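What follows is a single structure, written as structure tokens, with notes after it.
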Amino acid sequence: MILNRCSLIAVALVVTSLPISAHGQATEGTTATLLQADRVTYDDKSDTVTAAGRVEIERGGRILLADSISYDRGRDLALATGNVSLLDDNGTVMFFERLEVSGDLKNGLATDVRVLLADKSRMASRTFRRRDGVIAELTDAIYSACDICEDRSPVWQIKAGRVRYDRDAEMVYYRNARVDLLGIPIFFTPYLAHPDPTAGRKSGLLLPKIGGGANLGVSFELPYYFNIAPDKDATLAPLITTAAGNGVTGEYRQAFNDGELALSGSLVADDPDVRKDFRGHARATVRWHMDESWRSGADVHVASDQTYLRRYGFEAPTWLTTRGYIERFSANSYFSADSFYFQRQRGAVGFRSTPVIAPLMRYAYVTDPVVGDSYLTADINGAVLQRTSGIDSNRLSATIGWHVPYTSPIGDVYTLRATLRGDGYYVHNVPRAGRANFTGTTGRVLPELSLEWRYPLIKADGRIRQTFEPIIMGAIGPTGQNDSKIPNEDSLDFELDDTNLFDMQRTTGFDRVEGGGRVNYGLKWSAFGTGGGYVSAFAGQGYRFHRDQVFSPLSGLSGKMSDVVGRFDVSPGPWINFLYRARLDKNDFALRRSEFGGDFGRDPLRVGVNYLFIKQGDPTNPAGGDREELFVAVSSRLTQNWSLSANHRENLSRGGGRIRTALGFTYEDECFVFGLDIADDRTQDRDFESGVTVLLRFSLKTLGALTLNTNVGAAR
């Protein structure tokens, strides 16, 4: 009997016969099978179905394609020949010249097999055996994530005498495996295992990290990854060094329905360069979203001493900050309560003089419009600052304000602000010149009134639209509000610039206030193109009717007339943008501060530049010199696979010099990443030595990354 593709009824009859057992009865719950072919014949004597010409069989998510398939119902065995391919339900495709497979496609035997995994990695072997739809065994096999080309070998490959793929365990096991890189054998092992590239997270050893240099000597880490559960995992790695002791590093992560937790840290013992028995660090991030309005969390970052993080190659900011907080958000209000603990990682700062802040509280409320467009605001801020040795400060501040915006018929914009602020303090051990230290309560009341005027003028000319906007602001408040009984903890680092010129209070915190009468004025110009480019410029200055000692000589506000501040921002297109900001001396317009940042170009070449100049000139600190620094970074994609990056930081001040220079090359294709990074760092601190660092990175995609790091070191 011969059927063609169009004989749907006959095909359906044959299809229903395929899953039937040798006794000719269909079992309950049998998965249906779909057969399509140009021709189908049935030999009732041998109980054999033969399909030929573009044959396709689909069963349980598996699809078998071939030029010809002969199915022996009695033995429940099919023989597929000619361009045979089997698509598994996990996306894996196997290619054969000849395949013997069971009727349910779970068991099979073949030779000269090629396998394309779901992530595009590949395997090939001399023989193939499939058992129970779960285990696939290959002999004389090759595995690689690289594209296979006829004229060259893959960049890397694993050759093994035997490979077993366990679908349920989602693991690939190798016996007598050899890793080849660029056709050169680089590694041999009698046993090797890695997860199926589509498996996701699996427990097991990761590739090691190997390093060497003046700080640690030769170092070695071999991480082990623990896939604890779908919502949690961990990594643990022994750390072995020849010059800085031995220890362990670890990381733990967990996700919750309403939050997340991440912990990491390290512990090292027997470092001969320090007297401590143990050195280490801990870092944690906790987030809890309690409901739509409330959230809380903590960020912990602590180290045993100031140089540990840099010596052992961990992230090392100037200050380590530990913070716990709770927040509430609503349409009109915001509340937060924070606590802070600090550790300095540069220079000598006494532990006993570093403050602990617990709590720092803030509440802010903005009303809906009350009269016309006006609205009311309320801000409450409190802080408790404690030291083991030195000043203690407890502060509660409250401010209420009325804000009245108005736009006149001719388009100029007015904003009237009236505020009343009160600060109450209980302090301990506040030093005062020529007098005994003060302990007790103190405070102040600060009413203020300000009026701001803007008149934006707009001109459209062809494809360019320009805006020209003069700005004037006047403010008045009482003077003499900075009592010596109030310590200055949070208002030490103010510097005038274009972003704070028109602030009603230009101090950075609450401990110091700006009072008296003052006028600030400026001019802003912008031009926008229809293609998206723009250019803008601003210049402004302030005048106070009395001198205020609250601002240092370096701030730009120490006299009645302030320095001139300006900004110039240009971005004619996506290929270039830069920002220049400056502060000019009020007397001779000499540069007091100059800051430039920009990036230029598009792929394959992009350049970034940052420049900073600060004129010290502080009569209270004659030893302080000017600060001038330049940073340049270049990135380039040389070819489709090769990229280059370089950066240089230079101290241009007198007696300065090179701070850090780095150069990096990266090669990346579909299966392999190689990186070479060289850096010359001129910083040094106690048991931490800078110098030339060389970092090699090898990443075999689907397997992992190997890192080799060496630090030549500088002389002590």
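Since this is a predicted model, take the numbers as computed values, not measurements.
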Q: Go through D271 and R311 one step at a time and tell me if the salt bridge (charged side-chain N to carboxylate O under 4.0 Å, His left out) criterion holds.
A: CA-CA 11 Å; D271 184 351; R311 176 169 176 134; 3.4 Å; yes
Ring geometry between [Y] and [X] (parallel below 30°, tilted from 30 to 60°, perpendicular above 60°):
| X | Y | result |
| --- | --- | --- |
| Y375 | H403 | parallel |
| F545 | Y543 | perpendicular |
| Y308 | H281 | tilted |

Polar side chain donor-acceptor pair, [X] to [Y], under 3.5 angstrom:
| X | Y | value |
| --- | --- | --- |
| Y334 | E327 | yes |
| R506 | N520 | yes |
| Y521 | Q541 | yes |
| T508 | D493 | yes |

N/O donor-acceptor pair under 3.5 Å between [X] side chain and [Y] backbone:
| X | Y | result |
| --- | --- | --- |
| Q505 | E514 | yes |
| S555 | F494 | no |
| Y312 | A244 | yes |
| D483 | I486 | no |
| R518 | G516 | yes |
| S484 | R432 | no |
| Q343 | A303 | yes |
| D373 | P405 | no |
| T439 | N429 | yes |
| T507 | V513 | no |

Identify whether the distance between the nearest side-chain nitrogen and carboxylate oxygen of [X] and [Y] falls below 4.0 Å.
| X | Y | result |
| --- | --- | --- |
| R567 | D569 | no |
| R581 | D498 | yes |
| R583 | D497 | no |
| R283 | E315 | yes |
| D379 | R362 | yes |
| R454 | E469 | yes |
| E495 | R593 | yes |
| R287 | D299 | yes |

Q: Return yes when atom CH2 of W402 has more than 12 non-hydrogen atoms of other residues, nucleotides or ligands closer than 6.0 Å, and no otherwise.
A: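 No - once you tally the heavy atoms of other residues, nucleotides and ligands closer than 6.0 Å, there are 12 at most.
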Q) Got more than 12 heavy atoms from elsewhere within 6.0 Å of CZ, R328? A) yes
Can you find a heavy atom in the side chain of [X] that is under 4.5 Å from one in the side chain of [Y]?
| X | Y | value |
| --- | --- | --- |
| Y425 | R444 | yes |
| F438 | V427 | yes |
| Y341 | I357 | no |
| P478 | L446 | yes |
| S571 | I576 | no |
| S450 | M473 | yes |

Q | cation_pi(R395, F510) dist<6.0 Å, angle<=45 | A |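 R395 over F510 ring: yes.
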Q | Separation between OG1 of T499 and CZ of F538, rounded to the nearest 0.5 Å | A | 10.0 Å
Q) Got a second to check how far E489's CD is from D392's CG, nearest 0.5 Å? A)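 Reported value, rounded in 0.5 Å steps: 9.0 Å.
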